[in-house]
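These notes are about the structure you will find just below.
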Amino acid sequence: MAESNAYQNALTQFDKAVAHLNLKRGIAETLRHPKRELTVNFPVKMDNGEVKLYTGYRVHHNTALGPTKGGIRYHQDVSLDEVRALAMWMTWKCSLMGLPYGGAKGGVIVDPKTLSLNELEALTRRYATEISILMNPQGDVPAPDVGTNGQIMAWIMDTYSMHNGFTLPAVVTGKPVEIGGSAGRLEATGRGVMVTARDAMQRLNMPVEGATAAVQGFGNVGSVAARTAHDMGMKVIAVTDVSGGVHNPNGLDIPALVSHLAATRSVAGFPGADSITNDELLTLKVDVLIPAALENQITSANAHKVQCKVLAEGANGPTTPEADNILNDRGIFIIPDILCNGGGVVVSYFEWVQDLQAFFWDEDEINKQLERHVTKAFAQVMLAAEKHKVDNRTAAQVLAIQRVADVTLLRGIYP
Ligand code: NAD
């Protein structure tokens with residue numbers, strides 16, 4: 001199977017972790033497979049009157065810990081295998097973060113940048129309707145991922161609420177705060193990434209002030225991680241997005257870069273910086289490298305050229321198992337995705353709890369609780385890595401899988 005198949009990679013990681021656990025075969029087999037998978041083909045009326053057919057998915061990987069949680073991706077390369085992989089990683093992430101959630105993911109094969117706002121809304125409302133046989137506040141709660149945002153979550157919430165005849169904000173997280181979103185949710189993933197990066201640097205006795213960073217992807221996760229790194233006194237020397245990249249060895253002015261992005265829709269062409277490609281960014285000599293775009297960016301083809309000390313996986317699945325082996329052999333400290341970007345789902349959980357209680361917390365409280373969850377998970381992964389004598393990713397998965405296995409046994413096998 002190709003190194004670029006995310007689901008195959010998720011299974012390889014799973015098998016590696018399970019080898020360190022004493023699971024009954026039937027339990028391991030159960031956890032290895034998605035519980036249910038939905039494929040939907042649905043028509044959307046375009047602005048020119050034409051009707052176009054789109055394909056989307058929603059996969060529930062595991063429900064042992066509770067309702068499933070996981071984002072919705074709009075991207076032209078979405079596939080069932082990619083959604084399966086992302087759903088499986090959500091199961092382990094929610095477990096590792098100590099949340100009462102199973103894992104899910106959804107996606108539509110579409111490049112959202114090619115749609116008008118009307119078309120995007122129509123596609124979203126129809127997809128939400130199609131997956132509403134699985135989605136509900138008690139059973140399956142989506143959130144944003146690549147290509148989706150707060151506005152899209154607002155349309156999903158509204159569509160679901162219209163079908164029920166009353167407002168049900170807890171059906172989706174990552175909503176605008178005006179309609180039941182949580183303070184700090186927009187920033188949560190990027191903040192969590194930098195909490196783990198800081199913990200890693202402290203563990204490695206690296207000073208945070210003045211440390212260099214490079215960030216691939218400047219969307220929700222990458223831009224907030226870069227801004228947080230900048231606010232922590234780090235020097236972000238390179239950033240890329242889908243249309244190009246910028247590099248300044250003295251450090252980029254990240255707030256100005258955010259304004260440049262808002263004005264031009266790309267980081268490319270930012271004044272006072274050289275241009276840089278994605279491949280070049282990934283192999284820059286930096287203290288912290290933050291992939292925050294898509295899967296399979298660090299592979300056997302470039303892992304031996306990666307020069308960071310800490311690899312903070314803002315994205316899900318950015319490193320293939322083959323690359324993992326190379327990086328681990330070279331002593332690069334990997335903060336695995338399910339730990340590094342887990343801050344997002346932690347605050348999504350807070351949003352869901354606030355919606356269910358119709359009682360809202362302030363941002364200081366959210367950030368304090370976010371840091372508490374992420375720091376605790378980081379410390380647990382370090383202990384597990386020492387105990388089992390394994391790399392950080394395997395340690396994180398060992399902990400996460402063990403918890404889901406324990407709960408599966410406690411609940412028993414129905415009937
Ligand atoms: P986003 O759509 O907001 O941003 C994606 C960014 O990646 C954009 O800047 C885009 O230009 C860039 N990009 C896309 N293709 C690229 C390429 N080939 N090369 C370089 N850059 C490219 O998405 P996001 O929400 O920031 O998600 C990014 C990653 O983080 C994904 O792996 C996602 O699954 C993961 N993640 C997101 C969240 C969240 O809360 N949004 C939580 C956990 C993990």
Side-chain angles (χ1 to χ4, degrees), residues 4 6 10 69-78 82-83 85-90 92-94 96-97 103-107 110-113 142-153 172-175 181-182 184-193 196 214-227 238-246 257-258 260-262 264-268 276-282 290-298 312-319 335-351 370 374:
S4 58
K69 195 84 193 75
I72 290 172
R73 177 172 295 192
Y74 286 178
H75 193 276
Q76 58 278 15
D77 297 335
V78 162
E82 180 184 56
V83 178
L86 292 163
M88 189 179 205
W89 287 324
M90 283 308 297
W92 312 142
K93 193 184 300 179
C94 293
L96 183 66
M97 291 293 141
K105 206 80 182 191
V110 61
D111 178 356
K113 292 197 284 296
D145 190 75
V146 174
T148 57
N149 56 24
Q151 175 61 73
I152 290 172
M153 298 307 113
V172 69
T173 60
K175 300 177 297 294
S182 176
R185 172 60 186 93
L186 195 63
E187 298 83 4
T189 310
R191 274 191 188 135
V193 167
T196 63
V215 185
Q216 182 201 30
F218 207 63
N220 175 275
V221 180
S223 68
V224 176
R227 218 167 55 212
V239 167
T240 52
D241 65 16
V242 71
S243 44
V246 285
L257 184 58
V258 169
H260 174 83
L261 175 76
T264 68
R265 305 186 73 188
S266 170
V267 297
I276 188 170
T277 66
N278 261 302
D279 289 348
E280 289 164 346
L281 175 134
L282 294 171
I290 307 173
L294 295 168
E295 301 91 65
N296 304 326
Q297 298 302 300
I298 304 175
E313 294 186 335
N316 287 307
T319 312
I335 312 171
D337 46 10
I338 62 169
L339 170 63
C340 189
N341 67 42
V345 72
V346 167
V347 178
S348 269
Y349 166 61
F350 298 157
E351 178 173 335
L370 160 68
V374 173

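Computed from heavy atoms alone, side chains included, the values below leave out hydrogens, waters and symmetry copies. First listed ligand is number 1; within each ligand, the first listed atom is number 1.
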N or O contact, Q297 vs ligand 1, cut-off under 3.5 Å: no
N296 side chain vs S4 backbone, donor-acceptor pair below 3.5 Å: yes
Heteroatom distance test (G344, ligand 1): nitrogen or oxygen, under 3.5 angstrom: no
For atom 33 (C) of ligand 1, closest protein heavy-atom neighbour: D145 OD1, 3.2 Å
Atom of L86, atom of K105 and distance for their closest heavy-atom approach: CB-CG, 3.4 Å
Salt-bridge contact E351-K69 (side-chain N to carboxylate O under 4.0 Å): no
N220-ligand 1 polar pair, N/O distance under 3.5 Å: yes
Donor-acceptor under 3.5 Å (N220 side chain, N149 main chain): no
Nitrogen or oxygen of H75 less than 3.5 angstrom from that of ligand 1: no
Partners passing ring pair (Phe, Tyr, Trp, His ring centres under 6.0 Å) against Y349 (at least two apart in sequence or in another chain): Y101
Protein heavy-atom partner closest to atom 31 (C) of ligand 1 - residue, atom, separation in Å: A293 O, 3.0 Å
Any N or O of K93 closer than 3.5 Å to N or O of ligand 1: no
Ligand 1 versus T189: contacting region, heavy-atom distance under 4.0 Å: side chain
Exercise: do R185 and S348 side chains pair donor with acceptor under 3.5 Å: yes
Donor-acceptor under 3.5 Å (Q216 side chain, P291 main chain): no
Proximity winner for atom 35 (C) of ligand 1, if only heavy atoms of T148, N316, V224 are counted: N316
R73 heavy atom under 4.0 Å from ligand 1: yes
Ligand 1 contact on V221 by region, counting heavy-atom pairs under 4.0 Å: both
Whether E187 lies under 4.0 Å from ligand 1, heavy atom: no
Sub-4.0 Å heavy-atom contact, G217 with ligand 1: yes
Given I335, V193, V221, N341, the one that forms side chain to side chain contact (heavy atoms under 4.5 Å, CB included) with I290: V193
F218 N/O to ligand 1 N/O under 3.5 Å: yes
G147 N/O under 3.5 Å from ligand 1 N/O: yes
Mode of A292 contact toward ligand 1 - side chain, backbone, both, neither (heavy atoms, under 4.0 Å): backbone
Numbered atoms of ligand 1 (with element) below 4.0 Å of L294, judged on heavy atoms: 15 (N)
